[in-house]
Amino acid sequence: MKKNPIKETATKAPQSSCGHCCSNEHTTESTGKVSNFNLYLPAIISFLMLLIGITIDYFNILPFFKNYIRLGWYIIAYIPVGFPVIKEGWKSIKNGNFFTEFFLMGIATIGAFAIGEYPEGVAVMVFYAVGELFQGAAVKRAKGNIKALLDLRPDHALVFRDHNYISVAPELVEIGERIQVRAGEKVPLDGQLISDKGTFNTAALTGESKPRSLKKGAAIYAGSINTSGVIEITTTKTYKDSSIARILDMVQNATERKSKTELFIRKFAKVYTPIVTYLAIALTFLPYFFVENYVFQDWLYRALIFLVISCPCALVISIPLGYFGGLGAASRNGILFKGASFLDTMTKVNTVALDKTGTLTKGVFKIKDLVKDQIFTESEFMNYLIAIESQSTHPIAKAILEYELNVQPYKATEVTEIAGKGLKGMANSKTVLVGNKALMNDHHISIPKETETVVDSIVIMAIDGKFAGYVTIADEIKEDALLAIANMRKAGIQKIIMLSGDKDSITQKVAQELGLDWAKGGLLPEDKLAEVDKLKNEAGTKVAFVGDGINDAPVLAISDVGIAMGGLGSDVAIETADVIIQNDQPTKIATAIKIGKSTRKIVWQNIALAFGIKIIVLAMGAGGMATMWEAVFADVGVALLAILNAVRLQKMQWN
């Protein structure tokens, strides 16, 4: 995006006579108002003087308003808006960059003064200045959602040092230090909750509107807002390595990764500008050899109009702004693109490959089904099972221990682990076996045939040598997974597949429930890599891979677009992925595709608008059918229309 010379001169921070900016709240507010007024002051002065001058000219109110007095009036009107542009143009020329919009505007308006068209010369600069102000407002609006992220940066941390809590910059806090966060304050660094419990607003980080209640030992991310009482945290990362710092760095640098369209337009403008400058020179002098009654002033006027019309402002401003608007809109929806180029690539994706655990499922095992012998109540059956499983650290044991007993728990004794098969122990004076079919077979326990057809993980229990029942353990499918698949198909995705490290039978069951095109389970990271590579080699296929962890990093890197789920929890995902979905919702995949398509559509609308109107008015200008007023519209007017079109992205809904 080009520099705004008018804005730069107007927005320098005012300082007090002591050389320091005032810091109290009242003064800051006043300074903001003064700064805002200064921003518009040059354009206001020039516009008012232009109106007064045109009124005097038209009604001939003041007979002495002619010759040098009239010229002086319009020069004074020109200076507030024209001087910053000419100054910037001169700087560019000194740096060897002749053909800029500042050069075009400067030559065209000075030329207008040279041929006596003073009001038109001032008008071109006034409208250019107004266009720049509108551009600044549009950029500010587009940046609004991203700045909301920047506001998450905590400015201090209360660290326990020397038997007291002291306030220091988050950058100075080391790993393992104890920090205190008061109610309403932002968590300054990633850490682990050491208080018994706490409630946190993570809306700005994950898009979740519902506050999260966490217990002692839970992970907390910097930028979360403490909505409960005073809590304490042990830091697990330095500030520069915290999740919020990485995300902020990624967002701030996102616009540096230009899309191909944006890069093309910028390169095009560098070639286009000198061409139209030489054409304007030719338009001034060549007619001398071909036209009877050649009048230099008339053809110079046409050439100046031609220059104003040809200024590529609309393209140079609106296209980057369109992509920036897309990045901001995505951020507002809890989706972080690492650059404008991925907004473009996302529109070409036609195949989505998804990991299962943590992407389409919650990654948390829970008891799904419970089948027991009639001689036991459910509570009694689970009491035996929990007593034995409480001695295990296996993830399945943890899922069983989540069950809430409403009776006094049995105490297990003599518990031994049988490798690869399960556990054996005593509970309530009975011998209890808990494990798989192999364990039951070893102890000659007869089990129902129905257990052979169970797809989910199964835990069988026998008490005193007799089959007592079993529970199935499964990873729950996310609430919005089915809707996510439907939305992706509506967004134009032709093939949706699943690549999982979980056993194939479970993978196929989940794929069937969600209506996927095909699925493969039991895959190692290198197997997933091979599958995605195979897909990429198919003609016309653009693949997005969606994963959530370290084992998915290689595939995220090789796919056309790598999308990380739950980026806040996975450092490797943040580093490797191109797009990060902050709240773990798979429905956001389709939203990301739609935002990419909307952004691309608006960018191409702006390109067509700018070129279409410019070509028409250029032809009119060369033929003498357009004045400076049409030229102003073709330049500034089209730029404003393109900016307003780009701003529409901020109002769109994609859910």
Practice problem: Determine, stepwise, if the pair E476 / T361 fulfils side-chain contact (heavy atoms from CB on, under 4.5 Å). | Solution: CA-CA 5 Å; E476 285 186 289; T361 64; over 6 Å; no
Exercise. Kindly indicate, with the supporting measurements, whether the criterion side-chain contact (heavy atoms from CB on, under 4.5 Å) is fulfilled by I194 and I233.
Key: CA-CA 5 Å; I194 53 178; I233 295 168; 5.6 Å; no
Self-check item: Criterion side-chain contact (heavy atoms from CB on, under 4.5 Å) on V510 and M498, from CA distance to verdict
Solution: CA-CA 9 Å; V510 173; M498 186 193 294; 3.6 Å; yes
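Panel note: side chain T347, backbone K597; no donor-acceptor pair is recorded below 3.5 Å. Of the possible donor and acceptor atoms, none in the side chain of D464 sits under 3.5 Å from a partner among the backbone N and O of K430. The backbone N or O of L516 sits nowhere less than 3.5 Å from a side-chain atom of K495 that would complete a donor-acceptor pair.
Y470 and E450 share a donor-acceptor pair across their side chains, judged by distance under 3.5 Å alone. No hydrogens or angles considered: nothing links the side chains of Y384 and E389 as a donor-acceptor pair under 3.5 Å.
The six-membered or imidazole ring of F342 lies away from that of F337, with a centre-to-centre distance of 6.0 Å or more.
A side chain to side chain contact (heavy atoms under 4.5 Å, CB included) with L385 is found for one member of I400, I367, L401 and no other, namely I400. Considering V407, L405, N406 as possible partners of M382, the one that fulfils the side chain to side chain contact (heavy atoms under 4.5 Å, CB included) test is L405.
Applying the 6.0 Å contact sphere to NZ of K424 captures no more than 12 heavy atoms from other residues, nucleotides or ligands.
Note: I388 CD1 to E417 CD = 12.5 Å, rounded to the nearest 0.5 Å.
Nearest heavy-atom pair across M488 and A590 is N-CB, 3.8 Å.
The closest side-chain heavy-atom distance from L433 to M440 is below 4.5 Å. Within the 4.5 Å cutoff, the side chain of K356 has heavy atoms near those of the I506 side chain.
Remark: D475 does not engage K366 in a salt bridge, criterion side-chain N to carboxylate O under 4.0 Å.
Relative orientation of the F160 and H163 rings is perpendicular, given thresholds of 30° and 60° on the angle between their planes.
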